[in-house]
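Residue indices begin at 1 and follow the sequence shown.
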Amino acid sequence: VSAALPALLRGQGEAMGALDLSTDPPGAQVALDGHPEGRAPMQRVLKPGEHRLHVTLAGHLAVDRLANVEPGRTTPLRLRLLALPPPPRR
């Protein structure tokens with residue numbers, strides 16, 4: 001019978017996963033699912049599934065990425081940020 005009960009009803013928490021995010025160069029601002037989370041590198045424990053990342057760093061192109069977090073696992077994600085070209089000379 002206990003196998004038929006959801007884990008939460010048996011007193012077990014929902015299976016979570018982790019996202020281990022780093023950027024090159026480090027120090028980029030990170031928004032996770034539309035909420036500011038701080039600067040990379042970072043690790044966050046998250047519900048399993050897809051999560052939207054928006055990563056910005058001054059002088060670099062912004063990166064938007066989906067990360068798939070699996071229950072009971074750590075998902076490593078390394079993002080290389082591309083520098084913006086210098087402004088044209090006049």
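Scored by the side chain to side chain contact (heavy atoms under 4.5 Å, CB included) test, Ala31 finds His54 as partners (sequence neighbours excluded). A search for side chain to side chain contact (heavy atoms under 4.5 Å, CB included) contacts involving Arg39 returns Gln29, not counting sequence neighbours.
Listed by first and then second residue, the salt bridge (charged side-chain N to carboxylate O under 4.0 Å, His left out) pairs involving residues 57-67 amount to none (not counting sequence neighbours). The list of salt bridge (charged side-chain N to carboxylate O under 4.0 Å, His left out) pairs with a residue in residues 40-54, not counting sequence neighbours, reads Glu37-Arg44.
The shortest side-chain heavy-atom distance between Leu57 and Thr23 does not fall under the 4.5 Å cut-off. Contact annotation: the side chain of His51 never approaches that of Leu19 to less than 4.5 Å [non-hydrogen atoms, C-beta and beyond]. Looking at heavy atoms from C-beta onward, Leu53 lies out of side-chain contact with Val63 at the 4.5 angstrom threshold.
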Check residues 72-90 and write down every donor-acceptor pair under 3.5 Å in which the side-chain atom is one partner and the other belongs to a residue at least two apart or another chain.
from	atom 1	to	atom 2	distance (Å)
Thr75	OG1	Asn68	O	3.4
Arg78	NH1	Asp20	O	3.3

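Here Val45 sits in one hydrophobic cluster together with Met16; the rule is ILVMFWY side chains under 4.5 Å apart, joined directly or through other members.
Taking CG of Leu32 as the reference point, atom CG of Leu21 lies at 9.0 Å (rounded to 0.5 Å).
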